[in-house]
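Notes for the one structure printed next.
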Protein chains: 2
Amino acid sequence: MERDLRQRLLTVAEDLFARRGYTETRVREITSRAGCNLAAVNYHFGGKRNLYLAVIEERWVPRALRIREEFVRNLHRSPSGPEGVVEALFRAFFQSPFTERESWRHRRLLAQELAQPTEALEIMLSRGLRPLLETIRESLRDRLPPRVSERRLRLTVFSLLGQTLYFHLARPMIQNFLGEPPPEDELLRHVKNFALYGLKGLTG
Amino acid sequence: MERDLRQRLLTVAEDLFARRGYTETRVREITSRAGCNLAAVNYHFGGKRNLYLAVIEERWVPRALRIREEFVRNLHRSPSGPEGVVEALFRAFFQSPFTERESWRHRRLLAQELAQPTEALEIMLSRGLRPLLETIRESLRDRLPPRVSERRLRLTVFSLLGQTLYFHLARPMIQNFLGEPPPEDELLRHVKNFALYGLKGLTG
DNA sequence: AGAGCTACCAAACAATTGTTTGAAACGCAA
DNA sequence: TTGCGTTTCAAACAATTGTTTGGTAGCTCT
């Protein structure tokens, strides 16, 4: 655990916000887990809401940018053609360079903002996700015939992203439907495959 | 508006729960919009939580079952082959037989439970969604070669469902990425197409 | 008409929860 | 050591919010 209380608060807060959502997270629980006084949140961040926004800005956004870097790195090692983009994207999201729990928090915070948008979503999108989406778009553009329109290209990009997100959101549903929690990698393979073929719809 | 106060409360409550989420919805707002006293919720339902569960049981689940009926009906008019299943599913979700706002509420309530599961999700899944998923599975089974394993079949079913859900969740993202709200039908066509080709991944 | 039941209401209640306050502890330069 | 700014703390505060209470109006059945 970090020495600096401010950093410790950010860490604990992100975990709780991701698990329970903003309104269901109590300031008292954050501070008690961080081993400090209730007033610390107001001293360091000026309120619960600002703490939440700080988590987004100082933890979520940098991580989103790192995912993009990882995607670019993966792109060089991936097979050529549009399939390589899907491969690189999934690797960036699910294998590199974070712990399982960290990337779980990452997707979950986004999912919650999508289900119930607040001002935080605007920050996530414009500062974190947009750079990634633009990068994916450019790399897809390079690997697809020029006749594919810019618009369909953009729509496809967010469909690919959606596959990585849905994979996480649907978990409770899958479990109910299959009767057991499916192996992580089987699920991953299936969703990636689905995305791969969905992508083929672009080129016909 | 319904004469019966109990029904009126269910209607107003579902709208607010869908818009703001459970914890952000105030009992006072529900009752004032329903034009009745604060205590009415406790009188008719025995508490806020029970009102929420009643919305799920008496509004959401029946609608989910009606969507399934509509899917079955559409299936007869749809083209043969697995593509017809996608066609029938999307028509059941987006064209029939509800108003735009009603099906918006429907998807949104589900999305919120997926982002932050509670006991209500269990009800939605086992009583409302599971029947639909099983029906889709059977109709796909009839239209696919027998060599496709039961497991991949099931995974594909929830991927198709995911496409109809994501279509709704991603709206704020798409808007940010495209710079403008895209026409509903263009979006619908794209997502359906993506699902169609994803489905092709099953047969190779 | 009168008893009794259901539906509804205004007001009070109690618990939770984010925020503020004023002081104590700490670190460090003069 | 003394003084001062920063950090942390215990306690009180104030607002929100779900729930309860006790009573009233309206209806039905006898």
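Below, read A as the first sequence line, B as the second, and so on, with proteins coming before strands; counting in each chain starts at 1.
- In this structure, the ring of B:Tyr166 has its center no less than 6.0 angstrom from the ring center of A:Tyr166.
- Between B:Arg141 and B:Glu150 there is a salt bridge, with a side-chain nitrogen of the basic residue lying less than 4.0 Å from a carboxylate oxygen of the acidic one.
- Backbone-only contact: B:Thr25 has heavy atoms under 4.0 Å from sugar-phosphate atoms and none from a base.
- Of the charged side-chain nitrogens involved, none lies within less than 4.0 Å of a carboxylate oxygen, so that B:Arg59 and B:Glu102 do not count as a salt-bridged pair.
- Using a 4.0 Å cutoff on non-hydrogen atoms, the parts of residues 42-55 of chain B near DNA chain D are B:Asn42, B:Gly47, B:Lys48, ordered by number.
- Cation-pi check for A:Lys48 over A:Phe17 is not met; the charged atom does not lie both under 6.0 angstrom from the ring centroid and within 45 degrees of its normal.
- The pair A:Glu58-A:Arg6 counts as a salt bridge, with a side-chain nitrogen and a carboxylate oxygen less than 4.0 angstrom apart.
- Using a 4.0 Å cut-off between charged side-chain N and carboxylate O, A:Glu87 and A:Lys192 make a salt bridge.
- In summary, B:Arg91 and B:Glu70 do not engage in a salt bridge, as defined by a charged side-chain N under 4.0 Å from a carboxylate O.
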Would you tabulate the pairs of protein nitrogen or oxygen atoms and nucleotide nitrogen or oxygen atoms of nucleotides 9-16 of chain C closer than 3.5 angstrom?
unit_1 : atom_1 : unit_2  : atom_2 : d
C:dC9  : OP2    : B:Asn37 : N      : 2.7
C:dA10 : OP2    : B:Asn37 : ND2    : 3.3
C:dA10 : N7     : B:Asn37 : OD1    : 3.4
C:dA10 : N7     : B:Asn37 : ND2    : 3.0

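- Salt-bridge check for B:Glu24 with B:Arg26: passed, with a basic side-chain N closer than 4.0 Å to an acidic carboxylate O.
- In this structure, the CG atom of A:Leu9 is 13 Å from the P atom of D:dT7, given to the nearest Å.
- Rounding to whole angstrom units, CG of residue A:Asp4 and P of C:dC26 are separated by 18 Å.
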